[in-house]
S.K.: 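Please read through the structure below; I'll follow up with questions.
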Amino acid sequence: MPELPDVETFRKYLDATALHQHVADVAVREKRVLKDVSARDFERAVKGRQFEATDRHGKYLFVHTSGSAVPVLHFGMTGLLAYEKEREPQRYDRVVFGFENRYSLAYQCRRLLGRIALAKSPAHFVQDNNLGPDALQIGREKFVEALRGAQAAAKSCLMDQERLAGIGNIYSDEILFQSRMSPKRKADTLSAAEAAQLYRTMRRVLTMAIERRADPARMPASWLLPHRNTEEPCPRCRGTIARIKVGGRSAYWCPRCQAE
DNA sequence: AGGTATGTTAATTG
DNA sequence: GCAATTAACATACC
């Protein structure tokens, strides 16, 4: 799940559950999810602190606490948050934050592709990891600039976190589908009008996906996302959805609707 | 058994 | 040296 709309949904979930609470206990159950910090140091940085505010940049969630270090949560392909009272440990719990009210917030990650780090600040983290502007923060001009001159597919550029942060495989497919643009289309062949159109579609798709809590079941039936497989017909023309490899990832698309 | 899956990154290729 | 592609990571499902 975790692309920009999913992470924004996790952020709101954390805000609605764990914000303003004091962390009574931190349990690192799988130290491989920690990036550049030991379990001992991570626990020491967070335990006893209060969760004060959250931020998001691209697919990264920042949790400001009453301490100086900022935990940074990244969800890989299978990460999520679960807040629950007197929660029994579950198999894919990797880090669990326990609060004074006996509830806990578990960071679950089945495939261990997600990571938790400590940053000095979101700005430092963004800089250190060469992240581009957040896909919902970037303006049209900068967006066009970010795609200009790239020989790769526009889809690959949309997913390149150093150009633009937040879009992954599913939402890049959705944006191209709604832009009626082929996933094979090279970025350097886009006209100014097409790039601007892509920008507007990107904003609409991400905004609507957040409103629907990034839940595929809630997305409009006219979107590709709920039919993103080769079994169902294109929701627009009832043609056959195809799958091809673009930049090493599977792109689902409608060859009839999305011109080459 | 082999291929696929919402992500990142190290290694490799051109 | 750079940009772009591929392999590897870990786990589950068809």
Side-chain angles (χ1 to χ4, degrees), chain A residues 1-11 13 29-36 56-61 72-81 90-95 107-117 119 125-126 128-132 134-135 145-177 183-189 202 205-206 208-210 212-219 223-232 241-253:
Chain A
M1 303 196 169
E3 298 182 34
L4 188 154
D6 310 272
V7 178
E8 181 63 14
T9 302
F10 295 155
R11 190 183 73 76
Y13 179 75
R29 296 242 159 78
E30 174 50 81
K31 62 180 79 164
R32 282 178 293 177
V33 303
L34 294 182
K35 170 124 175 135
D36 300 329
R56 183 193 54 71
H57 187 101
K59 303 174 186 174
Y60 295 87
L61 173 58
V72 186
L73 279 56
H74 178 268
F75 298 90
M77 283 169 67
T78 55
L80 58 96
L81 294 175
Q90 290 186 23
R91 180 163 174 199
Y92 303 114
D93 287 356
R94 306 306 188 183
V95 175
Y107 167 87
Q108 295 186 312
C109 190
R110 184 158 50 87
R111 286 173 59 187
L112 290 182
L113 297 175
R115 291 290 179 266
I116 293 182
F125 185 85
V126 167
D128 291 347
N129 290 277
N130 297 318
L131 294 178
D134 181 81
E145 204 175 296
L147 264 61
R148 188 156 48 212
Q151 291 169 46
K155 172 179 168 66
S156 301
C157 294
L158 288 173
M159 293 172 61
D160 180 350
Q161 304 301 301
E162 296 189 13
R163 292 182 194 275
L164 186 71
I167 295 171
N169 203 24
I170 287 188
Y171 284 97
S172 62
D173 277 358
E174 187 66 48
I175 292 162
L176 291 168
F177 176 75
K184 296 178 192 169
R185 189 68 183 279
K186 301 292 183 201
D188 59 8
T189 69
M202 172 184 78
V205 166
L206 296 177
M208 284 190 67
I210 289 168
R212 289 155 194 257
R213 287 178 273 180
D215 180 351
R218 287 189 149 85
M219 299 302 165
W223 283 27
L224 174 65
L225 209 162
H227 319 284
R228 193 177 176 280
N229 59 70
T230 55
E231 311 303 314
E232 291 180 67
I241 298 295
R243 188 183 72 199
I244 57 173
K245 288 281 179 197
V246 176
R249 307 296 301 275
S250 284
Y252 288 82
W253 66 304

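Note: hydrogens, waters and symmetry copies are ignored here, and every other heavy atom, side chains too, is used. By convention in this document, chain letters (A, B, ...) are assigned in the order of the sequence lines, proteins followed by strands, and residues within each chain are numbered from 1.
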S.K.: So, do A/Phe75 and A/Asp6 sit near enough that their side-chain heavy atoms are less than 4.5 Å apart?
M.R.: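 Answer no - side chains too far apart.
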S.K.: Quick one: A/Met159 CE to B/dA5 P, roughly how many Å, whole number?
M.R.: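 Interatomic distance, CE of A/Met159 to P of B/dA5: 11 Å.
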S.K.: Just jot down the side-chain contact (heavy atoms from CB on, under 4.5 Å) partners of A/His57, sequence neighbours excluded, or say none.
M.R.: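 Only A/Phe62, A/Val126, A/Leu131, A/Asp134, A/Ala165 meet the side-chain contact (heavy atoms from CB on, under 4.5 Å) criterion with A/His57.
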S.K.: B/dG7 P sits how many Å from A/Ile116 CD1, rounded?
M.R.: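 So the two atoms are 18 Å apart, to the nearest Å.
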S.K.: Spell out, as yes or no, whether a donor-acceptor pair under 3.5 Å connects the side chain of A/Thr9 to the backbone of A/Pro5.
M.R.: yes
S.K.: Does a side chain donor of either A/Asp93 or A/Gln108 reach within less than 3.5 Å of an acceptor in the other side chain?
M.R.: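 Note: A/Asp93 and A/Gln108 side chains meet the donor-acceptor criterion.
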S.K.: Please tabulate, one pair per line, each protein N/O and nucleotide N/O from nucleotides 9-14 of chain B that are separated by under 3.5 Å, including the distance.
M.R.:
none

S.K.: May I have the distance from A/Asp36 (atom CG) to B/dT8 (atom P), rounded to whole angstrom?
M.R.: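 Going from A/Asp36 (CG) to B/dT8 (P), I get 16 Å.
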S.K.: Mind listing the N/O atom pairs, protein and nucleotides 7-11 of chain C, below 3.5 Å?
M.R.:
{"unit_1": "C/dA10", "atom_1": "OP1", "unit_2": "A/Arg32", "atom_2": "NH1", "d": "3.3"}
{"unit_1": "C/dA10", "atom_1": "O4'", "unit_2": "A/Arg111", "atom_2": "O", "d": "3.2"}
{"unit_1": "C/dA10", "atom_1": "N1", "unit_2": "A/Arg111", "atom_2": "NE", "d": "3.0"}
{"unit_1": "C/dA10", "atom_1": "N1", "unit_2": "A/Arg111", "atom_2": "NH2", "d": "2.4"}
{"unit_1": "C/dA10", "atom_1": "N3", "unit_2": "A/Arg111", "atom_2": "NE", "d": "3.0"}
{"unit_1": "C/dT11", "atom_1": "O3'", "unit_2": "A/Tyr92", "atom_2": "OH", "d": "3.1"}

S.K.: Starting from C1' on B/dT4, measure out to CD1 on A/Ile244 and report it in whole angstrom.
M.R.: 16 Å
S.K.: Would you mind building the protein contact string for nucleotides 1-6 of chain C? One character per nucleotide, 5' to 3', B for base within reach (heavy atoms under 4.0 Å), S for sugar-phosphate only, - for untouched.
M.R.: ---SSB
S.K.: Please give, in whole Å, the distance from B/dG7 P to A/Gln161 CD?
M.R.: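 Interatomic distance, CD of A/Gln161 to P of B/dG7: 8 Å.
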S.K.: Could you check how far CG of A/Leu164 sits from P of B/dG7, rounded to whole Å?
M.R.: 13 Å
S.K.: Judged by atom type as modelled, is there a donor-acceptor pair below 3.5 Å linking the side chain of A/Tyr171 to the main-chain atoms of A/Leu225?
M.R.: no
S.K.: A/Thr230: which residues meet the side chain to side chain donor-acceptor pair (under 3.5 Å) condition with it, sequence neighbours left out?
M.R.: none
S.K.: Who pairs with A/Arg212 by side-chain contact (heavy atoms from CB on, under 4.5 Å), at least two apart in sequence or on another chain?
M.R.: A/Met208, A/Arg218, A/Met219, A/Pro220
S.K.: Just to verify, what does A/Cys157 make a side-chain contact (heavy atoms from CB on, under 4.5 Å) with, not counting sequence neighbours?
M.R.: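 A/Cys157 satisfies side-chain contact (heavy atoms from CB on, under 4.5 Å) with A/Leu147, A/Ala150, A/Arg163, A/Ala187 once adjacent residues are dropped.
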S.K.: Going by ring pair (Phe, Tyr, Trp, His ring centres under 6.0 Å), name the residues that satisfy it together with A/Phe177, two or more places apart in sequence or in a different chain.
M.R.: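 Checked A/Phe177 against ring pair (Phe, Tyr, Trp, His ring centres under 6.0 Å); zero matches.
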S.K.: Does CD in A/Gln151 sit with more than 12 non-hydrogen atoms of other residues, nucleotides or ligands closer than 6.0 Å?
M.R.: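 No - once you tally the heavy atoms of other residues, nucleotides and ligands closer than 6.0 Å, there are 12 at most.
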S.K.: Mapping A/Arg249 and A/Arg243 to their closest nucleotides on DNA chain B, which lands nearer the 5' end?
M.R.: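 Final value for this comparison: A/Arg243.
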S.K.: Taking side-chain contact (heavy atoms from CB on, under 4.5 Å) as the definition, give me every residue that meets it alongside A/Arg11, ordered by chain and number, with sequence neighbours left out.
M.R.: A/Glu8, A/Asp15, A/Thr54, A/Arg56, A/Leu61
S.K.: For A/Glu231 and B/dA5, what is the distance between atoms CD and C1' respectively, to the nearest whole Å?
M.R.: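 Value for this atom pair: 15 Å.
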S.K.: Without decimals, in angstroms, what is the distance between A/Leu4 CG and B/dT8 P?
M.R.: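 Atom-to-atom, A/Leu4 to B/dT8, this comes out as 11 Å.
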S.K.: For B/dA5, take OP1 and OP2 only and decide whether either is under 4.0 Å from a side-chain N or O of A/Tyr252.
M.R.: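 Indeed, a polar side-chain atom of A/Tyr252 lies that close.
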S.K.: Which residues pass the side chain to side chain donor-acceptor pair (under 3.5 Å) test with A/Glu232, sequence neighbours left out?
M.R.: A/His227, A/Asn229
S.K.: Residues in side chain to side chain donor-acceptor pair (under 3.5 Å) with A/Asp36, at least two apart?
M.R.: none
S.K.: Kindly express the pairing pattern of DNA chain B in dot-bracket notation, using | wherever a base pairs with another strand and counting only Watson-Crick or G-U pairs under 3.5 Å.
M.R.: .||||.||||||||
S.K.: Spell out, as yes or no, whether a donor-acceptor pair under 3.5 Å connects the side chain of A/Arg94 to the backbone of A/Cys109.
M.R.: yes
S.K.: Using OP1 and OP2 only, check whether a side-chain N or O of A/His74 sits under 4.0 Å from B/dG7.
M.R.: no
